[in-house]
Amino acid sequence: MSFPVRFRKKMTVTTRFAPSPTGFLHIGGARTALFNWLFARHHGGRFLLRIEDTDRQRSTPEAVAAIFDGLSWLGLEADAEPVFQSARAARHAEVVADLLAQGRAYRCYASAEELAEMRAAQRAAGQPQRYDGRWRDRDPAEAPQGVAPAIRLKAPQEGETVIEDAVQGRVTVANSQLDDMVLLRSDGSPTYMLSVVVDDHDMAISHVIRGDDHLTNAFRQTQLYRALGWEPPVFGHIPLIHGPDGAKLSKRHGALGAEAYRDMGFLPEAMRNYLARLGWAHGDDEMFTTEQAIQWFDLPGVGRSPARFDMAKLTDLNAKYLRQGDDARLAGLVAERLAGEGLTVDDPGRALLEAAMPGLKTRARTLVELADSARFYLLPRPLALDDKAARQIEGEGRETLAALLSRLTDTPTWEREALEALTRSFAEEQGLKLGKAAQPLRAALSGSTVSPPVFEVLELLGRAESLGRLADALEPSA
RNA sequence: GACCCCUUCGUCUAGUGGCCUAGGACAUCACCCUUUCACGGUGAAGACACGGGUUCGAGUCCCGUAGGGGUCACCA
């Protein structure tokens with residue numbers, strides 16, 4: 001399972017995304033996955049997935065499913081079946097047995113209470129809290145009876161550990177700052193520190209790109225790699241994403257699952273573009289295709305400072321993607337949403353949506369807004385008018401509308417330019433500004449004072465439906 | 001507290017010693033376009049955290065200060 005260093009170095013770039021399935025795929029994780037995916041694609045390498053489910057208590061199948069869903073929505077497919085870390089416990093233990101045999105690890109019989117006392121004493125003395133190595137050189141013969149030991153790494157105590165981080169640069173820490181970490185718990189289960197190292201090695205991961213909350217872990221992991229005689233991967237610790245207030249992302253602002261963004265009406269390509277620009281830049285380019293991102297993405301372009309998640313910018317980007325989106329696809333997505341709220345869209349309805357899309361998509365920033373603004377096209381008569389719209393059809397507006405209705409009824413051509421010309425000349429002879437005629441029309445047709453251009457609406461709705469809606473609006477009871 | 005990292009407009013960022021009287025994007029404001037709302041167009045306001053160095057010259061290099069973040073488990 002392990003490869004000699006000289007061979008591994010020649011192997012292609014391999015990255016991985018390794019979430020622990022304790023919740024949804026949050027936005028920070030999504031960006032980490034994106035960066036790993038882009039990096040692998042850029043270098044013609046492989047992108048793998050590993051589920052770190054060694055915490056049996058907190059890991060759930062639902063979370064695993066949510067993570068897979070989120071990744072596939074974002075289009076970040078892995079190049080191989082995901083690895084489940086929990087299935088590899090035997091291999092992890094085997095590695096530790098070797099370490100033990102070589103004297104690079106040792107058994108520690110200290111109890112949890114004992115360690116807690118030790119830390120309390122250190123804290124009281126104002127000393128840094130770390131394992132004091134009490135079993136490091138102790139004679140195993142002194143081991144207490146009937147106590148299962150944890151296995152700790154015999155880490156170097158002098159010198160320093162250096163990481164040449166592809167994002168952070170060279171980072172150095174004195175070995176005296178690090179203690180002897182636990183590799184195997186007293187129940188024989190592997191710790192995270194051990195598992196990542198063994199799995200990354202066995203999966204031939206060449207580049208570990210992850211949040212910089214793991215930077216300090218990288219020192220310990222490097223020590224483990226050395227003890228094992230393995231070459232560490234290249235690390236790239238990317239800065240975390242913060243909420244709008246500069247604090248760690250919390251549930252209140254951005255730490256929602258990918259599916260929450262989907263529900264809010266964001267397009268996956270907009271999400272990908274936005275996430276890519278968070279902490280990474282290619283000059284002044286703001287909007288780019290995934291192909292361009294793959295071509296341009298590399299670690300030197302990643303910044304070192306944390307970025308804040310900005311809904312407004314995401315929303316704006318999404319609006320731009322909506323505007324250039326394919327009409328048939330958008331019509332489909334809108335139909336899906338409308339169906340979700342009980343408004344079934346038949347084939348003619350779908351065609352109407354698609355035809356109306358150019359006029360609708362420029363007025364929406366999310367699919368939610370798009371669906372909201374499209375709904376009136378499909379609603380059955382009589383339409384309910386909102387308050388502002390109803391006011392357009394009172395008094396003067398009502399008279400104007402009635403007069404206009406008879407003109408419309410008589411017109412031979414039902415086509416937007418002709419309808420506009422008709423309405424313009426009508427307004428002119430009545431001595432009205434065009435808006436005075438257009439607004440009541442819009443209100444009756446759409447039930448609102450805001451809509452795509454009225455003459456476009458008139459044309460798309462068709463003669464019968466339009467005339468019907470106008471008549472409905474003039475009903476005294478309405 | 002210890003260790004590590006970070007610091008350019010409100011936000012995301014460009015910037016790798018002279019091209020910077022610091023550029024773009026989002027947000028904000030104004031105007032134009034206009035049948036509503038948008039789109040679009042034009043313009044405005046808005047930043048190199050602070051203090052010392054190094055250098056002919058510093059946003060760019062070094063040191064310090066301040067602020068922010070991360071990590072300090074037999075969690076991952």
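Convention: sequence-line order gives letters A, B, ...; per-chain numbering from 1.
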**Q** B:A76, B:C12, B:A14: which one has an atom nearest the side-chain heavy atoms of A:Asn217?
**A**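 Ranking B:A76, B:C12, B:A14 by closest atom to the A:Asn217 side chain puts B:A76 first.
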
**Q** Would you mind telling me which of B:A76, B:A38, B:G24 lies closest to the side-chain atoms of A:Arg363?
**A**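 Looking only at heavy atoms from C-beta outward on A:Arg363, the closest nucleotide is B:A38.
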
**Q** Choose from B:C37, B:C39, B:A27 the nucleotide whose nearest atom is closest to any side-chain atom of A:Ala312.
**A** B:A27

**Q** Ignoring hydrogens and geometry beyond distance, is the side chain of A:Arg308 in donor-acceptor contact with the base of B:U11 at under 3.5 Å?
**A** no

**Q** Check whether the side chain of A:Ser186 and the base of B:C74 form a donor-acceptor pair under 3.5 Å.
**A** yes

**Q** Out of B:C6, B:C74, B:A14, which has the shortest distance to the side chain of A:Leu115?
**A** B:C74

**Q** Which nucleotide, B:U7, B:C4, B:U71, lies nearest any side-chain atom of A:Ser305?
**A** B:U7

**Q** Side chain of A:Pro306, heavy atoms from C-beta onward: which of B:U35, B:C6, B:C12 has the nearest atom to it?
**A**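 My answer, after comparing the listed nucleotides, is B:C6.
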
**Q** Compare the minimum distances between each of B:A76, B:A2, B:G24 and the side chain of A:Pro128, then state the nucleotide with the smallest one.
**A** B:A2

**Q** Using the six-membered ring wherever Trp is involved, compare the ring planes of A:Tyr274 and A:Phe309 and label them parallel, tilted or perpendicular (cut-offs 30° and 60°).
**A** perpendicular

**Q** Which of these passes salt bridge (Lys or Arg N to Asp or Glu O under 4.0 Å) with A:Asp180: A:Lys154, A:Arg104, A:Arg136, A:Arg152?
**A** A:Arg136

**Q** The side chain of A:Asp316 is closest to which nucleotide in this list: B:C74, B:C39, B:C26?
**A**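 Of the options given, the side chain of A:Asp316 lies nearest B:C26.
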
**Q** Could you tell me whether the phosphate oxygens of B:C39, OP1 or OP2, come under 4.0 Å of any side-chain nitrogen or oxygen in A:Lys320?
**A**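 Looking at the OP1 and OP2 atoms of B:C39, neither is under 4.0 Å from any side-chain N or O of A:Lys320.
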
**Q** Which atom pair, heavy atoms only, marks the closest approach of A:Glu142 to A:Trp135?
**A**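 Scanning both residues, the minimum pair turns out to be O-CH2, 3.7 Å.
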
**Q** Of the candidate nucleotides B:C3, B:C5, B:U35, which contains the atom at the shortest distance from the side chain of A:Gln168?
**A** B:C5

**Q** Is a donor-acceptor contact shorter than 3.5 angstrom present between the side chain of A:Asp284 and the base of B:G23?
**A** yes

**Q** Which nucleotide, in any strand shown, forms a Watson-Crick or G-U wobble pair with B:G1, with both distances under 3.5 Å?
**A**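 B:G1 is paired, partner B:C72.
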
**Q** Closer than 4.0 Å, any side-chain N/O of A:Arg130 to the OP1 or OP2 of B:A2?
**A** no

**Q** Quick test of your reading of the model: are A:Glu286 and A:Lys320 salt-bridged, counting only N-O distances below 4.0 Å?
**A**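 A:Lys320 and A:Glu286: not salt-bridged.
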
**Q** Syn if the chi torsion is within 90° of 0, anti otherwise; quick check, which is B:C9?
**A**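 Anti, angle beyond 90° from zero.
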
**Q** Is A:Asp387 salt-bridged to A:Arg391, cutoff N-O under 4.0 Å?
**A** no

**Q** Measuring from the side chain of A:Gln85 (C-beta onward, heavy atoms only), which nucleotide among B:A76, B:U35, B:C3 has the closest atom?
**A** B:A76

